[in-house]
Colleague: 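First the structure, then my questions, so here it is.
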Amino acid sequence: MPYSKKVIDAFRNPHNYGKIKDADGVGKVGNPTCGDVMWLYVKVKDDVITDIRFETFGCIAALASSSIVTDLAKGKSLSQMLKLTKEDILKQLGELPPIKIHCSVLAIDALHEAIYDYLLKNKKLIPEEIEKRHQTLEKEKTAIREKYKGWIEKEEELHQDDQE
Amino acid sequence: MFWIIFRHYRFSGSSNLNDPWVIHANTHLEYLSGKTQDESAGSIVLITKMPKEIYLDNAATTKVDSIVLEAMLPFFDKDYGNASSLHEMGQIAAEAIEKSRQTIAQSISASPEEIVFTSGGTESNNFAIKGIAFANKDKGKHIITTKIEHKSVLNTCKWLESQGFEISILGVDEKGFVKIEDLEKAIRPETILVSIIHGQNEIGTIQSLEELGAVCKKHNVYFHIDACQSYTKTDINVQNQAIDLISVNGHKLHGPKGIGALYIRKGTKIQPWQHGGGHERGMRSGTDNIPGIVGFAKAVKIGLDKNHIEYIKKLKDKLREGLLQISKVKINGPQNEKGLCHILNATFSKIEGEAIAGSLDLEKIFVATGSACASKSLELDPTLLAIGLPPQEVNSTVRFSLSRFNTEEEIDKVLEILPKIVEKLREISPF
């Protein structure tokens, strides 16, 4: 496998997977059409992430990144975690093949979206950068949905051809 | 130490269904019998700790049969002459080539002069398509192919598009079959070539050569098939199938890599694609790869034994039945005699193919996946999309491809490990 030992270890024994039913914030990123989907749940107390879990549909790099981001975030303050970048994940994972870097970005996005959700629900101030990133992700989601819709329509057209 | 094991194994020359590691261990023990107790004890521990790999990626490539390897070896350092040389050593080489050519020709009921050796499937496909295109461009510049081709066909066609040719790409039905009426409709007066994969490499669909060939013949259009995956696994007979060009290669059937052939029906108007010293009667220049050619022919001879096909089929049936015991597993591609005996493609819904393949990899079980994550360009497998699988399902596919060297015990092992992997990944999945 074209992965470092750290990636394989994280993939083989992922930490913190599963759902938090009464989560204070949930971040849902990715799209199964493109490959990876990451759902991240956080419990927050006094601006500190007290518990964090993930559910991921994805490849080795995505699962490893999910596990690493939850390890990094547990017990940390929200403000600290809003500064987390993909480089922090990559540092923990050793290396990722260039084509898999987007998996570490996905993990950061999932975490920031979960925090965004928490801040929004609790009517707290949302930092500008996080707001911006949220808007970008929403736009991407719509774009992918559109693309996917086109694909479905094309399939339906083909199907009609079959029936004729 | 490894070197000794390897050398010993290489010359052991057995070609049964034994696992190679077992052979290593046995021959190694024999070899060590003359050594001191301590030395051998240490080595035995080393060997028994070696993981036993289960290779289920035989559609990617296969291991060289040791009988094939043995047949090849003299042509590296004993009979290493150049077949173009007129002296005795050259003639030994030339004779070996012609004998091999006969074997390949006989396997498809062709004559030897209709076989041109190449460097493999990619070259054969390039040669067939470009060779026909440029030799017949005065008649027309339209070529027909399908959505489920190997990249060496699709990208050759794409390149021809840049050279002023027009390419029509046919879709397939949900099992991967080209519809005869679609082909019939696509053929125009300026069509010069139809190129279709015979045995599909992801889902195993075997196209009907009789029907497709008849349509091409009726319209006087050349018919090329890429038979790299199907060769020796299903019958090809140019006497009663109207095929003009056939691409085959060695490494998919326990022969060596770097060797292939193109069958060109007598009278076909084709232009050579590789120029030089006029080898292969001017059709393909370049010093003949004699060890490769000899190994290829040997592999074909062994591969034609129908018992192998029955054996592989039995293993595949066992694997399929086992996979279907796991919940939410779907098998893709034809599961009757219209599917290749060695390819089994399955969708494991809610989990991603590369994660499954990666988990199996850690257990020394080697498979392939159609998932975008596993491709070098993050692209979904076009064949699986062409048969109508939604993208998410394509991302959840795993391809198991078997060979006569696999065993029932190996399938049992896979079926013991795989459900646990699927269960764990589904536990992690949000769906």
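Here is the naming used below: chain letters follow the sequence lines, and residue numbers restart at 1 for every chain.
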Colleague: Taking atom NZ as the centre, does K338(B) end up with more than 12 heavy-atom neighbours from other residues, nucleotides or ligands that are less than 6.0 angstrom away?
Modeller: no

Colleague: How long is the span from the CD1 atom in I60(A) to the CG atom in D361(B), to the nearest 0.5 Å?
Modeller: 7.0 Å

Colleague: Between I99(A) and chain B, which part of the residue has a heavy atom less than 4.5 Å away: side chain, backbone, both or neither?
Modeller: both

Colleague: So T56(A) and S429(B), do their side chains get closer than 4.5 Å, heavy atoms only?
Modeller: no

Colleague: Working to the nearest 0.5 Å, report the span between CG of N13(A) and NZ of K424(B).
Modeller: 5.5 Å

Colleague: Is there a side-chain contact (heavy atoms from CB on, under 4.5 Å) between N31(A) and Q392(B) once you walk through the steps?
Modeller: CA-CA 9 Å; N31(A) 184 294; Q392(B) 188 178 344; over 6 Å; no

Colleague: Does any backbone or side-chain atom of L380(B) lie under 4.5 Å from a heavy atom of chain A? Answer side chain, backbone, both or neither.
Modeller: side chain

Colleague: Count the heavy atoms belonging to other residues, nucleotides or ligands that lie under 6.0 Å from CD of E95(A), then report whether that count exceeds 12.
Modeller: no

Colleague: Say you draw a straight line from CG of D36(A) to OG of S371(B); how long is it, rounded to the nearest 0.5 Å?
Modeller: 8.0 Å

Colleague: Is R53(A) close to chain B through its backbone or its side chain, or both, or neither, when contacts mean heavy atoms under 4.5 Å?
Modeller: neither

Colleague: Could you list the residues that satisfy side-chain contact (heavy atoms from CB on, under 4.5 Å) with H142(B), not counting sequence neighbours?
Modeller: I144(B), E166(B), S168(B), R188(B), E190(B), T191(B)

Colleague: CG of L425(B) to CZ of F11(A): how many Å apart, nearest 0.5 Å?
Modeller: 6.0 Å

Colleague: How many angstroms lie between CD1 in I428(B) and CD in E55(A), if you round to the nearest 0.5 Å?
Modeller: 10.0 Å

Colleague: Please list, one pair per line, the donor and acceptor atoms closer than 3.5 Å that link side chains of residues 323-330 of chain B to other protein atoms, with sequence neighbours excluded.
Modeller:
unit_1: S327(B); atom_1: OG; unit_2: R426(B); atom_2: NH1; d: 3.3
unit_1: K330(B); atom_1: NZ; unit_2: E393(B); atom_2: OE1; d: 2.8

Colleague: Does a sphere of radius 6.0 Å around NZ in K91(A) hold more than 12 heavy atoms from other residues, nucleotides or ligands, not counting ones at 6.0 Å or beyond?
Modeller: no

Colleague: Answer yes or no: does atom NZ of K151(B) have more than 12 heavy-atom neighbours from other residues, nucleotides or ligands under 6.0 Å?
Modeller: no

Colleague: Identify the heavy atoms of G58(A) and A355(B) that sit nearest to each other, and give their distance.
Modeller: O-CB, 3.3 Å

Colleague: Give a yes or no on this: more than 12 heavy atoms of other residues, nucleotides or ligands lie within 6.0 Å of atom CD of E423(B).
Modeller: no

Colleague: Go through the structure and list residues passing side-chain hydrogen bond (donor to acceptor under 3.5 Å, both in side chains) with D173(B), not counting sequence neighbours.
Modeller: none

Colleague: More than 12 heavy atoms of other residues, nucleotides or ligands under 6.0 Å from CD of E161(B): is that the case?
Modeller: yes

Colleague: Taking the side chain as everything from C-beta on, heavy atoms only, tell me whether S396(B) gets closer than 4.5 Å to F57(A).
Modeller: yes

Colleague: Can you confirm whether E128(A) is buried at CD, in the sense that more than 12 heavy atoms of other residues, nucleotides or ligands lie under 6.0 Å from that atom?
Modeller: no

Colleague: Drop me the distance from I356(B)'s CD1 to C59(A)'s SG, to the nearest 0.5 angstrom.
Modeller: 12.0 Å

Colleague: Using non-hydrogen atoms only, which part of K100(A) is less than 4.5 Å away from chain B: side chain, backbone, both, or neither?
Modeller: side chain

Colleague: Answer with side chain, backbone, both or neither: which region of T369(B) has an atom nearer than 4.5 Å to a non-hydrogen atom of chain A?
Modeller: neither

Colleague: Counting only non-hydrogen atoms closer than 4.5 Å, can you tell me which residues of residues 344-353 of chain B sit against chain A?
Modeller: K350(B), I351(B), E352(B)

